[in-house]
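Contents: one structure, followed by commentary.
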Amino acid sequence: MDNEQCLDNHSNTIIHIDVDCFYAQVEMLRNPDLNNVPMGVSQKRFVVTCNYIARSVGIKKMMLITEAKEKCPELVLINGEDLHDYRQYSYKITELLLHSFNLVERLGLDENFIDATSEVNKRLQVCEGNLDPVGNVFGDTSDLCDCGCTERLKMGAIIAQELRDKIKSELKLTTCAGIAHNKLLAKIAGSRHKPNQQTIVFPNSAVELMLSLPSLTKIPGLGQKLCKDLETLGITNLEDLQNCDLTQLSNLLGPEKARVIYDLSFGIDRSVVKTTGKPQSIGIEDSKHITAETEVTEKLHELLSRLLLLVAEDGRIPRTIRLTVRQTNKTSRLTVRESRQCNINPSLFNCKDISQLPEHNINKIMSIIMRLFSKLVDTQRPYHLSLLGLAFTKFLEKPNIRSTLTKFLYNNMEVQSITDIENKYDTGKNSPKDSSPSTSYFDNSDSDIEQSTKKSKMENIIARRRIQNSEDCESPCKLKVADLRLNSIEKSSDENQNVPCPPNADEKVFRELPNDLQLELWKEYKKSRERIEGESLIRTKKSKTNTILNYLVKR
Ligand code: DGT
Ligand code: MG
């Protein structure tokens with residue numbers, strides 16, 4: 001064990017912050033009458049969380065509603081199936097933390113890791129005298145490490161208290177925090193004293209903290225499945241894991257994973273705090289038993305409406321849609337979860353507010369979803385679904401910078417190159433089934449599913465332009481259009497004039513461009529003509545290579 005501890009590095013200071021009874025607190029903020037009564041938040045048949053008054057009478061997270069009501073008949077239940085407000089609070093917390101720290105990693109909706117190392121070191125440079133630990137300390141403090149981590153963690157606790165105070169004053173939420181030299185210990189330490197408290201764990205107590213966990217599944221990162229696998233080696237508790245044969249563990253899990261898990265059992269965690277960007281996918285699922293196609297379309301329609309609200313909040317434009325189903329084979333009783341995805345034409349989201357898409361666009365998206373469905377489920381035979389899920393992925397960021405015309409075109413080229421790489425229609429793992437479409441949603445052409453055929457640069461520019469250039473759309477391209485107009489020498493009254501097509505451009509393609517862009521291109525052409533006439537041939541050639549007209553040159 002001493003040897004293991006020597007391999008551990010105590011130089012970092014990590015804070016883990018977890019909101020107390022998160023959904024319940026949000027509900028209590030919405031309705032303060034709930035503050036002084038036992039209350040829980042329900043989803044389907046479960047009380048997913050409850051306030052601490054309810055916990056004091058034995059209500060637990062994920063308890064069946066029937067059981068909870070038996071234990072506490074006066075328990076007030078609030079339906080928490082709409083996650084909208086919880087998500088809003090969740091992002092506000094992370095945002096608040098990001099005001100003070102660069103390295104903030106979200107975990108679920110109500111947890112954040114903060115790497116406070118550099119702030120701690122900065123503060124310690126100007127700090128005089130010994131610090132008192134703020135909050136609780138886990139374990140024995142008589143034999144503390146002398147590498148400097150003791151003072152660092154105490155400073156970390158001061159910062160944790162400040163952050164929690166800030167969350168309380170600005171968002172009115174109470175939280176718990178754990179302070180340690182790594183993420184694993186910080187997370188576990190935080191759960192030692194609840195609610196509205198914080199706990200430091202010094203490295204000398206790492207193993208003791210790990211051994212205090214009631215089961216292997218309580219080690220963050222070890223799921224049920226992994227614990228089942230460990231059982232095959234006779235590893236059923238933490239001490240078994242600490243004393244296991246690492247070679248055997250490596251044979252089971254591979255050397256890297258084996259080492260990570262073995263180290264975790266001693267409280268050693270080398271993972272770093274990674275700043276969480278925007279989510280790579282936004283999705284929702286509903287576990288409902290479904291056996292008929294009308295129910296499927298109804299449920300998917302409902303999921304899509306809810307999902308569009310989330311995408312609208314996120315502000316980006318999705319490029320891919322993914323459908324997930326979980327179906328049970330009646331004969332084999334096997335339950336399989338499968339997903340299929342395909343690219344989706346971003347022009348379908350060409351609307352000021354994505355949550356208010358026109359019905360026509362919704363129907364088109366639905367038809368794509370139903371197509372995916374027919375590839376996942378053989379609709380010609382009876383089927384039994386227990387889950388349906390929808391997700392959007394591969395988002396396009398809406399740029400918010402003023403763009404010049406060249407930049408606009410350049411960006412479009414960049415996007416296209418990504419499109420070409422990713423544009424695999426139906427990237428799901430199984431081969432398509434041959435079931436024919438049977439709902440009214442199957443009325444679209446393939447135009448809403450992005451095709452992988454390579455387009456000419458010009459076609460791509462026009463396609464992008466079409467997607468984004470909507471007059472009533474607050475899209476970045478509206479900005480771009482505005483920019484072009486600002487940069488334009490011609491007056492707006494000239495905008496509808498018939499702009500001559502530069503002789504070296506493809507006229508058909510040119511005519512599809514908006515008037516302001518045509519004008520810009522014509523001016524480019526004129527400028528280059530003037531140069532050709534006034535300068536030497538060599539110089540003219542050189543300048544020609546830099547003009548945007550090169551994008552339009554006939555093939
Ligand atoms: P805490 O941290 O023990 O004071 O209580 P909570 O309620 O904050 O619990 P936490 O941090 O484990 O989870 C945050 C929220 O996530 C919680 O308010 C409700 C929801 N939640 C937790 N566990 C589950 C679960 O197993 N299923 C579902 N659907 N939601 C869950
Ligand atoms: Mg929590």
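Counting from 1, the numbers follow the sequence of the chain as shown. In listed order, ligands and their atoms are each counted from 1.
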TODO: Scan R326, Q327, H289 and name whichever one has a side chain to side chain donor-acceptor pair (under 3.5 Å) with H384.
DONE: H289
- [ ] May I ask you to list the atoms of ligand 1 that are less than 4.0 angstrom from any heavy atom of K194?
- [x] 1 (P), 2 (O), 3 (O), 4 (O)
Task: Residue and atom name of the nearest protein heavy atom (relative to atom 25 (C) of ligand 1), distance in Å to one decimal - done: M62 SD, 3.3 Å
Open item on the list: Measuring only between side-chain heavy atoms, which start at C-beta, is R55 closer than 4.5 Å to T49?
Closed with: yes
- [ ] Nearest heavy atom to atom 16 (O) of ligand 1 wins, so pick from F22, Y23, F46, Y52.
- [x] Y23
- [ ] Taking both backbone and side-chain atoms into account, decide whether D110 has an N/O/S atom under 2.8 Å from the Mg ion (ligand 2).
- [x] yes
Task: Nearest-neighbour protein heavy atom for atom 5 (O) of ligand 1, which is reported as residue plus atom name and distance - done: R55 NH2, 2.9 Å
- [ ] Could you pull out the atom name of the N/O/S atom in D18 that is nearest the Mg ion (ligand 2)?
- [x] OD1
- [ ] Assess L109 for proximity to ligand 1: is some non-hydrogen atom of it under 4.0 Å away?
- [x] no
TODO: Would you mind running through ligand 1 and noting each atom that sits below 4.0 Å from a heavy atom of D20?
DONE: 4 (O), 8 (O)
Open item on the list: Below 2.8 Å, can you find an N, O or S atom of V19 next to the Mg ion (ligand 2)?
Closed with: yes
TODO: State whether the number of non-hydrogen atoms from other residues, nucleotides or ligands found under 6.0 Å of E74 atom CD is greater than 12.
DONE: yes
Task: D20 N/O/S atom closer than 2.8 Å to the Mg ion (ligand 2) - done: no
TODO: May I ask whether C21 places a heavy atom under 4.0 Å from ligand 1?
DONE: yes
Task: Side-chain ion pair, K187 and E111, N-O less than 4.0 Å - done: yes
Open item on the list: Side chain, backbone, both or neither: which applies to V19 and ligand 1 if a contact is any heavy-atom pair less than 4.0 Å apart?
Closed with: backbone
Open item on the list: Check for me whether K44 meets the cation-pi criterion with F46, that is, NZ or CZ under 6.0 Å from the six-membered ring centre and within 45 degrees of the ring axis.
Closed with: no
TODO: Give a yes/no on ligand 1: does K44 have at least one heavy atom closer than 4.0 angstrom to it?
DONE: no
Task: Geometric cation-pi criterion, R106 with Y91: 6.0 Å, 45° - done: yes
Task: Distance filter under 4.0 Å to K61 heavy atoms, resulting ligand 1 atoms - done: 1 (P), 3 (O), 5 (O), 9 (O), 10 (P), 12 (O)
Task: Residue and atom name of the nearest protein heavy atom (relative to atom 31 (C) of ligand 1), distance in Å to one decimal - done: V48 CB, 4.2 Å
Open item on the list: Taking 4.0 angstrom as the limit and counting only heavy atoms of D18, give me the atoms of ligand 1 inside it, by number and element.
Closed with: 2 (O), 11 (O)
